[in-house]
Amino acid sequence: EQTGICGSMGAAFSTIENNHIYNIWTKRQFDGAEIAGIKFHAAIDATIRKNRIHDCGRGLWFDWMTQGTRISSNLLYNNDLEDLFFEVDHGPFLVDNNIMLSHSSIRTQSEGGAYVHNLIAGTVYMWSEPNRFTPYFLPHSTEVAGLSTIYSGDDRYYNNIFIGNGEKPDCKSKHKYGLEEYNKAVLPVWMSGNIFYNGAKPCDKEKDNPESSGYNPEVKLVEKGDNVFLQFGFNQKFYGLKGDFITTEFLGKAKVPKAMFENPDGTPVKIDEDYFGHLRSGENAVPGPFVDLEKGSVNLKVW
């Protein structure tokens, strides 16, 4: 019960998909730096998609040398520490169309990430690491281009849904819901098209200065046998929103490695599908991982 899938450099140029990983590090029988549903060092140009990961100490842990990595359309919930942990990475890495429902969604001691069209119902915590020099690479290569510390920032958040806990004290964590943590980022950050519910708050640097809404969409996950259903209801304002259509050109370059957010073969990325594979365009790029939602209460089979 120490880990589900792990390795160092072995995940480079690989695809990890359609796995159901659970009950990892629940008894705390082991300790160490490889404890997660999926834990990788050097997941260079790796794709981690369509996995269901729950009831783990950590969901996904990407240690140093995460570059060119895409984490897409995963279902993450009921993980003890957090759903996603990025440790001393320089990017670029792309996190899109994921459902993150644990009390802590993202902890990042990294930079150069792009978080796009996710449903984020837990806290987000970001911090720098000035004392560790870690490698970055030439694009689409294992050839080291240099070493750098982590300044913090150089992240992008576009078209995500953030859900707070109604501004109640969080007994498990002092971390905050939404993007407030990025007020302390050293490097520039880019944010737009996000929506903040139930007390989650935007960063001061968010484009167009969105307001935090007290509306509670009452997100609920229901497991029925081998199936999982996601229930929620967004307010009327949600259906009038439309974000930017996200592409390689739109995302730009990660600062330290000077590398683009693109596919492993060097072709441009387009976030043109949602969690289910339904087509997304400039006309239906609403926040979150789902397109063309019906108004009112929704019950989606997500696994």
Side-chain angles (χ1 to χ4, degrees), residues 52-54 59-60 71 73-85 95-108 113 115-126 155 157-183 191-204 206 208-223 228-243 274-275 285-291 293-300 302-303:
R52 174 185 172 191
I53 302 174
H54 62 95
L60 297 165
I71 301 102
S73 300
N74 298 284
L75 174 60
L76 305 159
Y77 63 97
N78 205 32
N79 295 306
D80 186 31
L81 298 180
E82 68 273 324
D83 288 329
L84 276 174
F85 178 31
V95 180
D96 69 280
N97 288 307
N98 299 281
I99 301 170
M100 292 180 265
L101 303 179
S102 300
H103 71 88
S104 175
S105 292
I106 299 168
R107 291 178 70 241
T108 176
Y115 304 82
V116 180
H117 284 292
N118 300 288
L119 174 60
I120 302 171
T123 60
V124 177
Y125 183 59
M126 180 277 306
D155 286 339
Y157 283 84
Y158 295 118
N159 303 341
N160 300 285
I161 298 172
F162 294 91
I163 301 173
N165 67 343
E167 298 184 342
K168 298 175 183 177
D170 188 340
C171 61
K172 290 187 176 182
S173 171
K174 296 180 181 179
H175 304 162
K176 298 175 181 178
Y177 292 88
L179 292 173
E180 279 189 285
E181 282 291 321
Y182 279 88
N183 290 336
M191 302 170 176
S192 69
N194 302 298
I195 190 165
F196 300 83
Y197 281 134
N198 203 30
K201 291 183 169 57
C203 173
D204 292 342
E206 174 99 8
D208 300 326
N209 297 313
E211 294 183 2
S212 175
S213 170
Y215 178 81
N216 184 359
E218 298 183 353
V219 173
K220 183 180 180 182
L221 202 72
V222 178
E223 297 175 307
V228 183
F229 297 86
L230 184 67
Q231 301 173 353
F232 57 86
F234 295 136
N235 59 359
Q236 191 66 32
K237 179 181 178 181
F238 171 84
Y239 298 95
L241 298 173
K242 186 173 71 173
D274 75 351
Y275 177 89
V286 297
F290 313 116
V291 301
L293 287 171
E294 296 182 2
K295 295 183 179 181
S297 297
V298 175
N299 185 28
L300 298 176
V302 294
W303 184 269

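Note that the coordinates shown come from a computational prediction; the quantities given were computed from them, not determined experimentally.
Under the 3.5 Å distance criterion, the side-chain polar atoms of Ser105 are matched with a main-chain donor or acceptor of Gly122. Without hydrogens or angle criteria, Asn198 side chain to Gly164 main chain gives a donor-acceptor distance under 3.5 Å. Side-chain atoms of Asn160 do not come within 3.5 Å of backbone N or O of Ile195 as any donor-acceptor pair. Looking only at distances, a side-chain donor or acceptor of Asn118 sits under 3.5 Å from a matching main-chain atom of Asn98.
Separating the OG atom in Ser104 from the CG atom in Asn79 is a distance of 10.0 Å, to the nearest 0.5 Å. Summarising the geometry, atom CG belonging to Leu84 is positioned 6.0 Å from atom CD1 belonging to Ile106; distances are rounded to the nearest 0.5 Å. To the nearest 0.5 Å, atom OG of residue Ser102 and atom CG of residue Asn78 are 6.5 Å apart. Interatomic distance, Leu76 CG to Leu101 CG, rounded to the nearest 0.5 Å: 8.0 Å. Atom CG in Asp96 sits 6.0 Å away from atom OG in Ser73 (nearest 0.5 Å). Separating the CE atom in Met126 from the CG atom in Asn183 is a distance of 8.5 Å, to the nearest 0.5 Å.
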Report the C-alpha distance between Leu119 and Ile163 in whole Å, list the side-chain angles of each, state the deciding distance to 0.1 Å, and finish with yes or no for side chain to side chain contact (heavy atoms under 4.5 Å, CB included). CA-CA 8 Å; Leu119 174 60; Ile163 301 173; 3.7 Å; yes
Begin from the C-alpha positions of Phe232 and Leu300 and carry the test side chain to side chain contact (heavy atoms under 4.5 Å, CB included) through to its verdict. CA-CA 9 Å; Phe232 57 86; Leu300 298 176; 4.0 Å; yes
Going through the distances and angles, do Tyr197 and Phe234 end up as a ring-ring contact (aromatic ring centres under 6.0 Å, His included)? CA-CA 9 Å; Tyr197 281 134; Phe234 295 136; 5.8 Å; yes
Might you work through the side chain to side chain contact (heavy atoms under 4.5 Å, CB included) test for Phe85 and Leu60, ending with a clear yes or no? CA-CA 6 Å; Phe85 178 31; Leu60 297 165; over 6 Å; no
Let me see the working for Tyr177 and Asn165 under side chain to side chain contact (heavy atoms under 4.5 Å, CB included), right down to the final yes or no. CA-CA 8 Å; Tyr177 292 88; Asn165 67 343; 3.4 Å; yes
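Residues satisfying the side chain to side chain contact (heavy atoms under 4.5 Å, CB included) test with Lys220, not counting sequence neighbours, are Val222, Gln231. Partners of Lys237 under the side chain to side chain contact (heavy atoms under 4.5 Å, CB included) rule, at least two apart in sequence or in another chain, are Asn235.
Inter-residue side-chain proximity for Glu82 and His103 is flagged as unmet; no heavy-atom pair is nearer than 4.5 Å. Taking 4.5 Å as the limit, every side-chain heavy atom of His175 sits out of range of all side-chain heavy atoms of Val124. A heavy-atom distance below 4.5 Å is found between the side chains of Phe238 and Val286. Looking at heavy atoms from C-beta onward, Ile99 lies in side-chain contact with Tyr275 at the 4.5 angstrom threshold. Using a 4.5 Å heavy-atom threshold, the side chains of Asn194 and Glu206 count as touching.
Taking the ring axis of Tyr125 as reference, the NZ or CZ atom of Arg107 does not stay both within 45° of it and closer than 6.0 Å to the ring centre.
In summary, Glu223 and Arg52 engage in a salt bridge, as defined by a charged side-chain N under 4.0 Å from a carboxylate O. A salt bridge between Glu180 and Lys201 is absent, with no side-chain N of the basic residue lying under 4.0 Å from a carboxylate O of the acidic one.
A side-chain N or O of Asp155 and one of Tyr182 form a donor-acceptor pair less than 3.5 Å apart. Side-chain contact check for Asp274 and Asn97: no donor-acceptor pair (N or O, by modelled atom type) lies under 3.5 Å. Asn159 and His117 share a side-chain donor-acceptor pair at under 3.5 Å.
In this pair, Phe162 and Tyr157 present their aromatic rings tilted. The plane angle is within the 30 to 60° band.
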